[in-house]
Structure formats: structure tokens, C-alpha cells
Protein chains: 2
Amino acid sequence: MTVTIKDIAKILNVSHTTVSRALNNSPLISDETKKRILETAKQLNYVPNYSAKSLVQNRSYNIGLFFSTITQVTSPGFFYETVRGVHSVITDNYNLVVNGIDNYKDFQSIDTKRFDGIILMSQSEKDNALVYHALDRHIPIVVLNREIADAGIVNILSADRRGAYHAVTHLIENGHVKIAIIEGEKGFQATTERKEGFLTALIDKQIPIHGDYIVEGNYTMESGYTAMKQLLRTSHPPTAVFSFNDEMAVGAMKAIFEAGLRIPQDISLVGFDDRQFSSYMTPSLTTVRRAISEVGRAGAKKLLSIIDNNDYVGQKVYIDTQFIRRESVGPAPNEQSK
Amino acid sequence: MTVTIKDIAKILNVSHTTVSRALNNSPLISDETKKRILETAKQLNYVPNYSAKSLVQNRSYNIGLFFSTITQVTSPGFFYETVRGVHSVITDNYNLVVNGIDNYKDFQSIDTKRFDGIILMSQSEKDNALVYHALDRHIPIVVLNREIADAGIVNILSADRRGAYHAVTHLIENGHVKIAIIEGEKGFQATTERKEGFLTALIDKQIPIHGDYIVEGNYTMESGYTAMKQLLRTSHPPTAVFSFNDEMAVGAMKAIFEAGLRIPQDISLVGFDDRQFSSYMTPSLTTVRRAISEVGRAGAKKLLSIIDNNDYVGQKVYIDTQFIRRESVGPAPNEQSK
DNA sequence: CTGAAAGCGCTAACAG
DNA sequence: CTGTTAGCGCTTTCAG
């Protein structure tokens with residue numbers, strides 16, 4: 001049924017080693033024989049048996065793409081962009097295996113034989129267990145989206161802090177002083193980074209920081225809605241809100257409209273990430289684009305090169321964000337007219 | 001370094017065959033020995049080498065989840081829900097391998113050794129090549145989302161036609177007569193099904209079908225926007241629009257607002273799928289929920305059972321849709337007041 | 001119920 | 001440059 005190396009060897013009257021060499025582009029073979037072998041291999045539709053290869057080479061041809069969770073991803077867009085970015089680089093001979101960390105009770109089954117390398121889309125320190133498990137087992141691992149202080153780690157990061165700084169600055173330049181934030185989930189590094197960008201911008205521009213203007217969300221639309229309602233209940237509601245992602249911004253929009261207020265005339269709103277839907281909101285959402293698929297792509301490329309060249313060395317790569325100016329930010333309403 | 005069956009055998013002074021039997025729950029072994037073996041295996045953190053298993057058993061422990069494309073998925077939500085549904089059922093010993101059909105020049109590498117089974121999220125007949133390739137190679141395959149006439153095929157389907165019928169009926173019951181549709185991509189089965197539901201509803205209720213009210217989209221927000229603009233340009237714009245998915249509905253909303261019209265006072269709008277963002281639109285979007293993750297889950301369960309019991313028999317399973325009534329549909333404006 | 005022997009398809013020394 | 005030999009870790013006959 002299936003064609004093996006031996007079959008080809010028999011037909012061509014060479015040893016199976018020779019065939020193997022030809023198939024793997026070994027230098028230890030004449031162009032002449034190689035050509036002959038490759039030709040009949042193609043003719044016979046030879047497909048390598050990866051299980052056999054794997055067994056002898058002690059590897060798997062599997063690339064693991066891990067998320068903290070797959071069951072309760074907060075943003076489908078985020079998930080999709082990550083997979084897309086990684087997938088675009090993974091070549092034919094690898095299997096892209098998608099997984100959630102929360103599916104494992106322990107990491108025993110994650111070993112060199114199971115994964116040639118791992119890409120981890122990480123949010124918080126909870127994922128460290130996997131990172132160090134991989135390092136311990138000498139499985140090449142690339143950590144996306146969360147900086148790990150350890151210099152030995154390969155990190156692909158989004159420059160969120162700068163992006164947040166930019167967004168907040170834009171609000172300030174529009175005359176806003178009463179600027180609130182809807183934070184993302186506590187413990188997520190993205191949350192910390194974006195908050196730092198926010199705080200730095202306020203400090204730089206000497207805008208006072210107001211405790212009531214800092215409300216917590218968890219990156220879901222629902223939480224953005226709730227958070228915004230809370231902000232609207234304060235005695236002096238903000239004139240501008242920086243939501244730590246677009247999903248929460250959409251939730252906030254709903255709360256604002258329900259309160260009978262207008263965007264941006266009454267309240268300006270800026271999001272983060274730039275989701276598909278953001279430009280289709282009314283008004284369209286000003287936001288900070290984060291090229292997640294780029295992060296995924298860069299991570300996968302790096303991982304593949306590590307596997308191929310067996311040269312794992314810690315490294316931090318930053319992918320820039322991009323400020324996207326749309327309609328949800330306007331000049332601060334002056335107190336008079338209000 | 002790694003513990004093998006031989007290691008355990010040596011320690012316990014039994015043959016490796018016996019160990020293998022214990023590990024695989026064979027009946028040909030005494031409970032006594034089995035217990036002893038299992039214990040030391042656990043103690044030693046034994047992890048089976050799947051490459052070796054695969055080689056001898058001529059399988060891979062890979063489950064392939066295929067999409068028509070992964071690069072240009074129209075809806076991240078759709079993608080995510082599918083993966084989530086399938087993933088929730090795939091057990092530890094399988095790898096969930098995600099892939100796009102458009103990544104393959106030919107399907108040579110897709111054989112029994114590479115995939116124990118395939119789940120195909122299918123949109124159109126273009127995917128048939130893969131389906132028949134799998135069937136030909138005796139790879140168990142479950143086709144989601146698109147009915148294939150062939151009785152030999154396992155199909156998990158969403159009852160889109162009924163869902164669309166329900167949605168349109170709801171519009172009619174609200175007094176609408178001038179009902180337009182924004183169709184999805186031509187050739188997609190979902191498009192055909194939803195259109196049939198729409199047409200049947202009109203016919204049943206004796207509402208005339210108007211050619212100008214049938215506009216084509218491709219399931220993207222952008223296309224919904226463009227389509228709606230076109231509808232608004234007609235001499236007698238519709239009072240209600242059924243968009244074949246929520247993404248296009250969002251695009252349509254934007255176009256409607258830009259024209260200075262209100263939803264639902266001037267135009268009622270109903271979508272399909274029920275995306276995360278749909279309930280956060282203002283007004284919130286009335287739609288038909290399609291439980292994609294359920295489709296994925298059911299498909300994966302079925303596939304696993306086929307693999308385990310080696311009993312591939314064609315079957316069609318329908319998953320019901322659910323009408324979600326929100327704010328984007330209102331009574332038809334009467335001509336007078338307009 | 002247990003063990004000995006063979007072999008899955010491939011790559012990797014080693015020898016020529 | 002080519003071939004011979006061995007062996008990866010496991011399951012599966014076949015004998016006992």
C-alpha cells in the first residue's frame with residue numbers, strides 16, 4: 001500500500017540508506033543518484049513516515065501553541081490572530097498543536113518526544129510553571145506577550161507601555177484632564193504595562209491622578225460595561241476614558257449611550273488592540289493597534305530557527321504598536337457649556 | 001534520562017511485554033502484577049513514547065482540525081468557537097492539529113500515519129477534494145457545517161434554514177413587507193440555507209420577493225457596510241434587513257447610521273450567529289444563535305468514537321439554532337408617518 | 001497469565 | 001560516494 005524507503009531502494013537497486021540520504025538532502029551522495037531517487041520517489045508518491053523518523057530522531061515534528069486557557073478566552077480576535085500569525089510560519093512538515101495550559105493536571109506528558117518546541121501565549125505568572133518545565137526538559141520555548149525577567153528566555157513582546165502612553169497623551173492634547181481608565185485583569189502583564197503607560201503620561205503632563213478614575217475590568221465586554229457604569233456614578237464623571245482593550249471599550253460605549261451621553265461630545269473613549277469590529281462602531285473607536293499576528297509570526301519564526309540551528313539563547317524582541325485615530329475622541333467639553 | 005518500558009521491566013523483573021500489557025490495560029495480565037507495574041510506572045514518571053507507539057500501530061495520535069483557510073477567516077469568533085468546541089473533547093493522548101486546506105498544494109502528506117482522524121469545518125464544495133481524499137485513504141473524517149449529499153459521510157450541521165425562517169417570520173410579524181437580505185458569500189452552503197429559509201418565509205406569508213432587496217455580501221463587516229449602502233440607494237429602501245451574519249449586520253448598522261437613519265425606528269435589522277459583540281451594539285442586535293462550539297464538540301465526540309470503535313458509518317446530525325430577540329427589530333414604520 | 005522474538009520505517013555509525 | 005549493520009521504544013505474534 002504505502003511506499004517506503006525500502007521499496008524505492010529495491011526498485012533502484014541501491015541501499016535504503018542511500019535513498020534516505022537522497023530524501024534528506026545529504027551531501028554524502030552524488031547528484032546523479034540523488035536525482036534518480038528523488039524522481040522515482042515523487043513518481044511513487046512517497047510520503048515519509050514521521051513516526052519512524054520521530055522515533056529514531058527522538059523528536060516529534062509537533063510545535064505546541066499554548067494559551068493559558070482555551071475554554072474561556074476573553075477575546076476571540078486575540079485567539080484567532082495568534083493562531084494565524086503562528087500558523088503562517090509553520091511549514092508543512094510540522095504539526096501545529098493548539099492547547100490550553102489549564103487542560104493539564106501536570107506537565108509530565110510534555111517532553112521532547114511530544115513537542116519539538118513550544119510557543120506560549122502568556123498573560124501572567126501563572127504560566128511560569130510551563131515555562132520552567134520546558135526549560136528544564138530542554139524543550140525550546142518562546143514566550144509571547146509577557147516579559148519574563150530571566151535573561152535566558154526568548155520573549156516576543158508588544159510595546160504596550162509606549163502605546164498606552166501615546167493614547168493617553170492624545171487625550172491630554174485634546175484638553176482632557178478628567179481621564180479615567182478601565183483596567184484589564186489583575187495579574188496580566190498587559191494590564192501592568194498599559195497602566196504604567198497611562199500613569200507616566202499623566203505624570204509627564206502634570207495631570208493629577210484621581211483614585212475614582214481607576215476602575216478594574218477583566219478584558220470582557222461585560223466588565224467594560226460594568227466598569228463604565230461605575231465611572232458614571234462618580235460625582236464628577238471623567239470626560240475621557242482609556243479602556244485597556246477594545247472589548248471593554250465596546251461595553252463602555254453601551255453604558256455611555258444608556259446614560260444618554262454622547263461620544264465623543266460628552267465623553268471621549270480610546271481602546272486598545274484594534275479589533276475587527278472597532279472601526280465599525282458608531283462612532284468608530286480610536287485605539288492602539290497591537291499586531292498580535294506579528295507577535296505570533298515572529299515567535300514562530302524564532303522557534304523554528306532555534307530548532308533548526310539548535311541555538312537557544314535568551315532574547316527580547318519588541319513589536320511596536322500603532323495609534324489609530326478614529327472618531328471616539330474629541331476635545332474635552334468645557335465646564336461652562338456643561 | 002527518560003523512563004522506558006524496558007526500565008520498568010528490569011526493575012520489576014518481568015518482561016517488557018508484561019509491562020506493556022499492564023500499561024495498556026490488557027486483560028491478559030493478573031491484577032496483582034498490573035498493580036505493581038502501574039505503581040512503579042507512576043513513581044518513575046513514565047511517559048509513553050508516542051512515536052514508538054505510532055510506528056508500530058501505524059497511527060499518529062493526531063486529530064486534524066481543518067478550515068478552508070486560516071489566513072483569511074472572515075470571523076474570528078467563528079474560528080475560536082470551532083476550536084474551543086473541538087478542543088473541549090480531545091483528550092490528553094491526542095494532539096489537536098489545526099490547519100488550513102489552502103496550505104496544501106496536494107494532500108499527499110495527509111495519510112493515516114499523519115492523522116488518526118480529521119474534522120473539517122467546511123463552507124463550500126471546494127473542500128470536497130479533502131473529503132474524498134480522506135475517505136479514499138480510509139482516514140475517518142467528520143464534516144462540520146456543510147451537508148454532503150453522500151450518505152456515507154458523517155455530517156454535523158446547524159439547522160440554519162429553520163433559523164433563518166424564524167428570523168424572517170419575526171420581521172413579518174412586526175409588520176414588515178419590504179424585507180431585504182444581505183447574503184453571505186456565494187457558494188457557501190450557509191448562504192444557500194439561510195436564503196432558502198428567507199424565501200420560504202416570504203412565500204409562506206405571501207410577501208412579494210423583490211430583486212432589489214437581495215444584495216450580496218461575503219460575511220465581512222466591510223461587505224455588510226457596502227451592501228447596506230446599496231440597499232439605501234434603492235428608490236424604496238427596505239424597512240427591514242436580514243443580514244446573513246452578525247459581522248455584516250454590524251457593517252450595515254454603520255451604513256444606516258451614516259445615512260442618518262435610526263434602528264429600529266426606520267429600519268429593523270436582524271443578524272445571524274450571535275457573536276460576542278452583538279449584544280453590546282446600540283441597539284443590541286436581534287439575531288439567530290448558532291452554537292458553533294456545539295457543532296465542533298459533537299463532531300469531535302463522534303470522530304473519537306469512530307476511531308475507538310472503528311465503526312465509520314455515514315450520519316447527519318442537526319444542531320438547532322435559537323432565535324435571540326433584542327432591540328434591533330421594531331414594528332414597521334407606517335408609510336404615512338414617513 | 002507470562003515471556004521470547006520479531007519487526008514497524010527510519011537514521012546513524014562504521015566500514016569500505 | 002555507497003552499503004552493512006544496528007537500534008530507536010513499542011506492540012504483537014507465538015510458545016509456553
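The chains referred to below are lettered A, B, ... by the order of the sequence lines, with proteins before strands, and numbering in each begins at 1. Note that these values count all heavy atoms, side chains included, but never hydrogens, waters or copies made by symmetry.
Residue-level contact check: B:L28 touches the bases, meaning some heavy atom is under 4.0 Å from a base atom. Looking at heavy-atom distances under 4.0 Å, A:T33 makes contact with sugar-phosphate atoms alone, never a base.
Between A:R36 atom CZ and D:dC1 atom P there is a gap of 15 Å when expressed in whole angstrom units. Atom pair A:K34:NZ and D:dC1:P shows a separation of 10 Å (rounding to whole Å applied). One atom, CG of B:N25, and another, C1' of D:dT11, lie 15 Å apart when rounded to the nearest Å. Atom NZ of A:K35 is separated from atom C1' of D:dT2 by 19 Å (rounded to the nearest Å). To the nearest angstrom, C1' of C:dG3 lies 12 Å from CD1 of B:I37.
Under the side chain to side chain contact (heavy atoms under 4.5 Å, CB included) criterion, A:P76 pairs with B:Y80, B:Q276, sequence neighbours left out. Evaluation of the ring-ring contact (aromatic ring centres under 6.0 Å, His included) rule for B:H133 yields B:F107 as partners, not counting sequence neighbours. Shown here are the side chain to side chain contact (heavy atoms under 4.5 Å, CB included) partners of A:Q43, two or more places apart in sequence or in another chain: A:T40. With sequence neighbours excluded, no residue forms a salt bridge (Lys or Arg N to Asp or Glu O under 4.0 Å) with B:E147.
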Hey, mind stepping through A:H87 and B:N99 against side chain to side chain contact (heavy atoms under 4.5 Å, CB included) and telling me if it holds? CA-CA 8 Å; A:H87 181 263; B:N99 239 314; 3.3 Å; yes
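For D:dG3, the OP1/OP2 oxygens have a side-chain nitrogen or oxygen of A:T18 closer than 4.0 Å.
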Output one letter per nucleotide in nucleotides 6-16 of chain C: B when a protein non-hydrogen atom lies under 4.0 Å from the base, S when only the sugar-phosphate is that close, - when neither is. -BBBSBBB---
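Note on residues 49-66 of chain B: pairs passing side chain to side chain donor-acceptor pair (under 3.5 Å), not counting sequence neighbours, are A:N95-B:N62, B:N24-B:K53, B:Q57-B:Y61, B:N58-B:K113, B:R59-B:Y94, B:R59-B:D116, B:S60-B:D116.
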